[in-house]
Peer 1: 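Mind looking over this structure? Questions follow.
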Amino acid sequence: MTALPAALDGQLQRESGLTHFEYWVLSALSEAPDRTLRMGCLAGSANGSLSRLSHVAGRLERRGLLRRRPDPGDGRVTLATLTDAGRDAVVAAAPGHVDAVRRLVFDALTPEQTRQLLEIGDRVVRSVETERSP
């Protein structure tokens, strides 16, 4: 399972110039209302630390793919907004990424194994969420 993220990361970098984490950041923003999320929420959506997200957001901002600004309702919070160029980048990257996931994961499984994988994944996620809860 540790080889899969590296394979997906390689595919995205080769075809789109995005890392897997950058893709998840842009994807999460593309699905958010007004294409905007608080940085803390975005870190959780992309399954990364706020520190890692801040570094990556700076890189994406320099490339014109997102914009950061203080939350007008709470100056302690920073908002990240997907730019039009960022939306174009994630839309362009999505078909290749979906194809790679299909090819590397689902094409190798029978329908029964896919069902089992989904069930196992749900159980693992619930276990992780339980561990994170105070």
Peer 1: So, Gln113 side chain and Thr110 main chain: donor-acceptor pair closer than 3.5 Å or not?
Peer 2: yes
Peer 1: Taking all atoms of both residues into account, what is the closest heavy-atom pair of Ala32 and Leu37, and its distance?
Peer 2: CB-CG, 3.6 Å
Peer 1: Check whether Ser30 reaches the backbone of Ser27 with its side chain - one donor and one acceptor, N or O, closer than 3.5 Å.
Peer 2: yes
Peer 1: Report yes if some heavy atom in the side chain of Thr19 is under 4.5 Å from a heavy atom in the side chain of Gln13; otherwise report no.
Peer 2: yes
Peer 1: Evaluate the side-chain proximity of Val105 to Leu117: yes if any heavy-atom separation is below 4.5 Å, no if none is.
Peer 2: yes
Peer 1: Considering only heavy atoms from C-beta outward, does the side chain of Thr36 approach that of Leu29 to under 4.5 Å?
Peer 2: no
Peer 1: Please determine if Glu112 and Arg115 form a salt bridge, counting it only when a charged side-chain N lies under 4.0 Å from a carboxylate O.
Peer 2: yes
Peer 1: Using distance only, find each side-chain donor-acceptor pair of residues 38-51 under 3.5 Å and give its atom names and separation, not counting sequence neighbours.
Peer 2:
unit_1, atom_1, unit_2, atom_2, d
Ser45, OG, Cys41, O, 3.2
Asn47, OD1, Arg132, NH2, 3.3
Ser49, OG, Arg52, N, 3.0

Peer 1: Can you confirm whether Thr81 sits close enough to Leu66 that some side-chain heavy atom of one is under 4.5 Å from a side-chain heavy atom of the other?
Peer 2: no
Peer 1: Would a 4.5 Å heavy-atom cut-off, applied to side chains only, mark Leu65 and Leu18 as touching?
Peer 2: yes
Peer 1: Leu4 and Leu109: same hydrophobic cluster, using ILVMFWY side-chain contacts below 4.5 Å?
Peer 2: yes
Peer 1: Which distance, rounded to the nearest 0.5 Å, do you find between the CD of Glu131 and the CZ of Arg126?
Peer 2: 15.5 Å
Peer 1: Salt bridge or not between Glu22 and Arg63? Use side-chain N to carboxylate O under 4.0 Å.
Peer 2: yes
Peer 1: Begin with the C-alpha distance, continue with both residues' side-chain angles, and end with the deciding distance and a verdict on side chain to side chain contact (heavy atoms under 4.5 Å, CB included) for Leu82 and Glu31.
Peer 2: CA-CA 10 Å; Leu82 186 68; Glu31 296 174 3; over 6 Å; no
Peer 1: Could you check whether Arg14 pairs with Asp9 (Lys NZ or Arg NE/NH1/NH2 to Asp/Glu carboxylate O, under 4.0 Å)?
Peer 2: no
Peer 1: Between Thr83 (side chain only) and Gly64 (backbone N and O only), is there a donor and an acceptor less than 3.5 Å apart?
Peer 2: yes
Peer 1: For Asp122, I'd like to know if atom CG has over 12 heavy atoms of other residues, nucleotides or ligands within 6.0 Å.
Peer 2: yes
Peer 1: Atom CG of Leu26 and atom CZ of Arg87: how far apart are they, to the nearest 0.5 Å?
Peer 2: 12.0 Å
Peer 1: Applying a strict under-4.5 Å side-chain criterion to I, L, V, M, F, W and Y, I'd like to know whether Val90 and Phe21 cluster together.
Peer 2: yes
Peer 1: Which residue pairs pass the ring-ring contact (aromatic ring centres under 6.0 Å, His included) test with at least one member in residues 88-126, sequence neighbours excluded?
Peer 2: His20-His97, Tyr23-His97
Peer 1: Report the C-alpha distance between Arg59 and Val56 in whole Å, list the side-chain angles of each, state the deciding distance to 0.1 Å, and finish with yes or no for side chain to side chain contact (heavy atoms under 4.5 Å, CB included).
Peer 2: CA-CA 5 Å; Arg59 193 167 58 233; Val56 168; 3.5 Å; yes
Peer 1: How far apart are the closest heavy atoms of Leu8 and Ala100, and which atoms are they?
Peer 2: CD2-CB, 4.0 Å
